[in-house]
2 protein chains.
Amino acid sequence: MEADQDMRKPMQKLRQRSLVLEVRDALEGMILRGEVPAGERLNEINLAEQLGVSRGPVREAARSLEREGLVKTVTNQGVYVRKLSLEDALELYDLRAGIAGYLCTRAAESATPEDKSDLRAFVDRMDAAVRDGDEERYFELNLAFHDRVATASGATRAKDLYTSLGKEVRLMRLRVLTGGASLALSNSEHDRIVRAIEIGDKEAAGKVGAQHHINGKLRLLETL
Amino acid sequence: MEADQDMRKPMQKLRQRSLVLEVRDALEGMILRGEVPAGERLNEINLAEQLGVSRGPVREAARSLEREGLVKTVTNQGVYVRKLSLEDALELYDLRAGIAGYLCTRAAESATPEDKSDLRAFVDRMDAAVRDGDEERYFELNLAFHDRVATASGATRAKDLYTSLGKEVRLMRLRVLTGGASLALSNSEHDRIVRAIEIGDKEAAGKVGAQHHINGKLRLLETL
DNA sequence: AAACTACATAATGTCAACATTATTCTGCTG
DNA sequence: CAGCAGAATAATGTTGACATTATGTAGTTT
């Protein structure tokens, strides 16, 4: 027989996902994928039935989503998918830009050699995606890249906020146009960010990191 | 008899506070006042009994507090009052400073004459409090002042974040020393913020507003 | 026909009971 | 006496029922 894989202690970490977390992820996914329109009410009973749980976990999950800005609860009336005005979206871009700048600053201060090499690898891979014209892949890598920067910064709360605001932005269901050269341009900014982090230039990293996100906002405005 | 006060429609807005909101405020107050030590577990059953409600609302309130960063939930174990390391606190100060800068920038762009006169009045009143040596009153006014700036900015999400982070900071139960001249110094910064807003100098407002909060962080560091 | 009332329906608010998982205590074993 | 196994206890997880409020509908009045 194969060796028994020591099931004394490692088993602890399993089974740690309550229904609330499950429902929370499911709801978040539905909202972010746009399967429930903005402004629409989330029917507790329907959702509970649909997900095969009772209303309790659904209600708790909704409270959780509330503080993340994805839904809004009205007493005695229900929870509604948050509707984002253009002004709201622009404000979110600004906030996210500021936090991204902070994350880049911190990363420039404290990135390890491993952090730097990882980040550089991301830029290279995004370059390859641009050459191949693979937009889908570029988006994935872009997301992972910014997450990696946030991790390298060591600023855990800021990273959480950055991620959370990123989800919130998606409430505005606009695909920012990604005309031909814009991907290459975007990645050249990534390169400048990484270069600043590599040489530990805090100011430059913060400035470029923030501007990178402001440029995203400007592209959104051009789209309209 | 006195005129009946038209109880046809105005009654609508009342009675809109569910138990969840009530419990939420109660819990938040207990945590912020330090009545439950950091790291301590919140016992659902005890709290429910103590507040005279069932566990349902308590659990929902806890989920709400979770996303605000005041508590941390561990599956099958309970919710714990979040414990803040010094690094965490410093990071919060930085984040808050950045957001405050943004709020001041926006306020400088869009403050109405009424906004400006209100803000100026706050500075004057804080000046009076400083002269009277009334620290308690100064703190209240200081809080209201920054809230007023946030409102004047028109940036609703940023204001919420600013307020939320403010509560989170209080998890670190340190009274920043307020030696004699520091209050006057602090209010002179308020004056510079308001002056920048009055003349619509965005850059100056943002810079001074952020620096004002960074100075608070520095004072915290000196306290240690 | 417009509008108001009363009733019927459906959803959210709240609770108490039961199920599952952690924790503590006890007693046994070496 | 240290350490481990197992029961007893206590807490959280989940559910279904009931209470209250909002919504929709039919009927009546003017």
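Keep in mind that what you see is a predicted model, and the values were worked out from it rather than measured. In the text below, chain A, chain B and the rest are named by the order of the sequence lines, each starting its count at 1.
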Give a yes/no answer on whether the side chain of A:Arg41 brings an N or O atom under 4.0 Å of OP1 or OP2 in C:dT12. yes
By nearest atom, which of the nucleotides D:dT15, C:dC15, C:dG13 is closest to the B:Ser54 side chain? C:dC15
Where the side chain of B:Val53 is concerned, which of C:dG13, D:dT15, C:dC15 is the nearest nucleotide? C:dC15
Sub-3.5 Å donor-acceptor pair from the side chain of A:Ser164 to the main-chain atoms of A:Asp160, do we have one? no
Identify whether any heavy atom of B:Gly56 sits under 4.0 Å from a base atom; if not, whether one sits that close to sugar-phosphate; answer base, sugar-phosphate or nothing. nothing
Using a heavy-atom cut-off of under 4.0 Å over every strand shown, decide if B:Leu42 touches base, sugar-phosphate, or nothing. sugar-phosphate
Below 4.0 angstrom from OP1 or OP2 of C:dA11, is there any side-chain N or O of A:Asn43? yes
If we ignore angles and hydrogens, is there a donor and acceptor under 3.5 Å between the side chains of B:Ser64 and A:Arg63? no
note: A:Arg59, atom CZ; D:dG13, atom P; distance rounded to Å ~ 17 Å
Nearest-Å distance, CG (A:Asn76) to P (C:dA10)? 19 Å
Measure from CD1 on B:Ile45 to C1' on C:dT21 and round the result to the nearest Å. 13 Å
Are side-chain heavy atoms of B:Leu27 and B:Val23 found at a separation under 4.5 Å? yes
Round to a whole Å and report the spacing from CD of A:Glu44 to C1' of C:dT14. 12 Å
Side-chain N or O of A:Gln77 versus OP1/OP2 of D:dT23: is the shortest distance under 4.0 Å? yes
note: B:Arg24, atom CZ; C:dG13, atom P; distance rounded to Å ~ 16 Å
Rounded to whole angstrom units, what separation is found between the CG atom of A:Leu47 and the P atom of C:dA10? 18 Å
If you compare every side-chain N and O of B:Arg55 against the phosphate oxygens of C:dA16 (OP1, OP2), does one of them come in below 4.0 Å? no
With the side chain of A:Val20 defined as its heavy atoms from C-beta on, choose the nearest nucleotide among C:dG13, D:dT14, D:dG13. D:dT14
If only atom types and distance count, is the side chain of B:Arg173 paired as donor or acceptor with the main-chain N or O of B:Leu32 below 3.5 Å? yes
Please give, in whole Å, the distance from C:dT12 C1' to A:Glu60 CD? 16 Å
Ring center gap for B:Phe122 and B:His190 short of 6.0 angstrom: no
Spacing of A:Leu19 atom CG relative to D:dT14 atom P, expressed in whole Å: 4 Å
